[in-house]
2 protein chains.
Amino acid sequence: MGATKEHIHTETANEIAELAKVLAHPARVAILQYISKQDSCICNDLVDEIGLSQPTISQHLKVINEARLLKGTFHGKSICYCIDIDRFQELQEKFNSFFNKTKINCC
Amino acid sequence: MGATKEHIHTETANEIAELAKVLAHPARVAILQYISKQDSCICNDLVDEIGLSQPTISQHLKVINEARLLKGTFHGKSICYCIDIDRFQELQEKFNSFFNKTKINCC
DNA sequence: ATTTAATATCGTAATATTGCAATATAACAT
DNA sequence: ATGTTATATTGCAATATTACGATATTAAAT
């Protein structure tokens, strides 16, 4: 017991859940917001800005990155993270599709 | 260590994360989809439909309910769950607001 | 009153997530 | 080559989540 039984659910349900997990931690929401707020996309100010340790931030960035929401370009020794807008948009559309399909019926 | 440090984040970040958590499990996504699919909103067919035990479904319903996404009306000994459309809509709007505000800038 | 059916709660085991110190890696600067 | 700075990875402790059996609870049905 204890582990999510992914195999009993539909593709869609698993996908929505997986994408929602990225947003399911305030630090990751904050990271996305902060990256977008900078018009040039500065990076581990995130540690100072958000107030979590560097390893923790790095771990959250990994989760965001695994959802293909980040484009990192090396800029000297630092990395310039920025949001992959196309993918971000795609994510928004997937959520909206879920919401729209789901809200059709009911008492 | 171990626990999410909510206090260091903004209201908005915490709120989005909290709402995302509801959708961050495929069973809960599936429950929302199934409830909406039934034009009359039948209930613990969910146990048969989704393939998790009754206590597990009940627990997931609790999470959905705590996000104020359910309206339960008693119908004999069974409960007729249905989605609170207004709240569901509100949730969609909050997500869209986050997406729209966040996707403005970037490299 | 007893039985039956639907749902909720409790307790607990398995697993996942969060957070950080310590350490590794990579790239530039000297 | 060595030091410095930025980021990633590892290891581990604390906490949260998931799942379910066992047990309540509730309300209709007999």
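Reckoned from all heavy atoms, side chains included, excluding hydrogens, waters and symmetry mates. We name chains A, B, ... by the order of the sequence lines, and we start the count at 1 in each one. Fair warning: this is a prediction, and the values are worked out from it, not measured in the lab.
Rounded to whole Å, atom P of D:dC20 lies 9 Å from atom CD1 of B:Ile57. Rounded to whole Å, the distance from NZ on B:Lys5 to C1' on D:dT15 is 13 Å. Atom pair A:His7:NE2 and D:dT18:P shows a separation of 16 Å (rounding to whole Å applied). Rounded to whole Å, atom P of D:dT7 lies 13 Å from atom CG of A:Leu70.
Remark: side-chain polar atoms of A:Arg87 are paired, donor with acceptor, to backbone N or O of A:Ala67 under 3.5 angstrom.
Between B:Phe95 and A:Phe99, the two ring planes are tilted [angle within 30° to 60°].
With rounding to the nearest 0.5 Å, the separation of NE2 in B:His25 from OG1 in B:Thr56 is 9.0 Å. Considering CZ of A:Arg68 and CG of A:Leu19, their distance stands at 9.0 Å, rounded to 0.5 Å. Between the CD atom in B:Gln54 and the CG atom in B:Leu61 there is a gap of 9.5 Å [rounded to 0.5 Å]. Note that the CD1 atom of A:Ile83 and the CZ atom of A:Phe88 stand 5.0 Å from one another [nearest 0.5 Å].
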inquiry  = Output one letter per nucleotide in nucleotides 5-12 of chain C: B when a protein non-hydrogen atom lies under 4.0 Å from the base, S when only the sugar-phosphate is that close, - when neither is.
reply    = SSBBB---
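Residue A:His60 places at least one side-chain N or O closer than 4.0 Å to OP1 or OP2 of C:dG19.
Residues from residues 21-33 of chain B placing a heavy atom under 4.0 Å of any atom in DNA chain D, listed by number, are B:His25, B:Arg28.
For the 3.5 Å distance criterion, the side chains of B:Lys103 and A:Gln92 qualify, holding a donor opposite an acceptor.
Comparing A:Gly2 and A:Leu52 by the nucleotide of DNA chain C whose heavy atom lies nearest to each, the residue mapping closer to the 5' end is A:Gly2.
Within a 6.0 Å radius of CD in B:Glu18, other residues, nucleotides and ligands contribute 12 heavy atoms or fewer.
Across C:dC20, D:dT18, D:dT15, the shortest atom-to-atom separation from the side chain of B:Ala3 is found for D:dT15.
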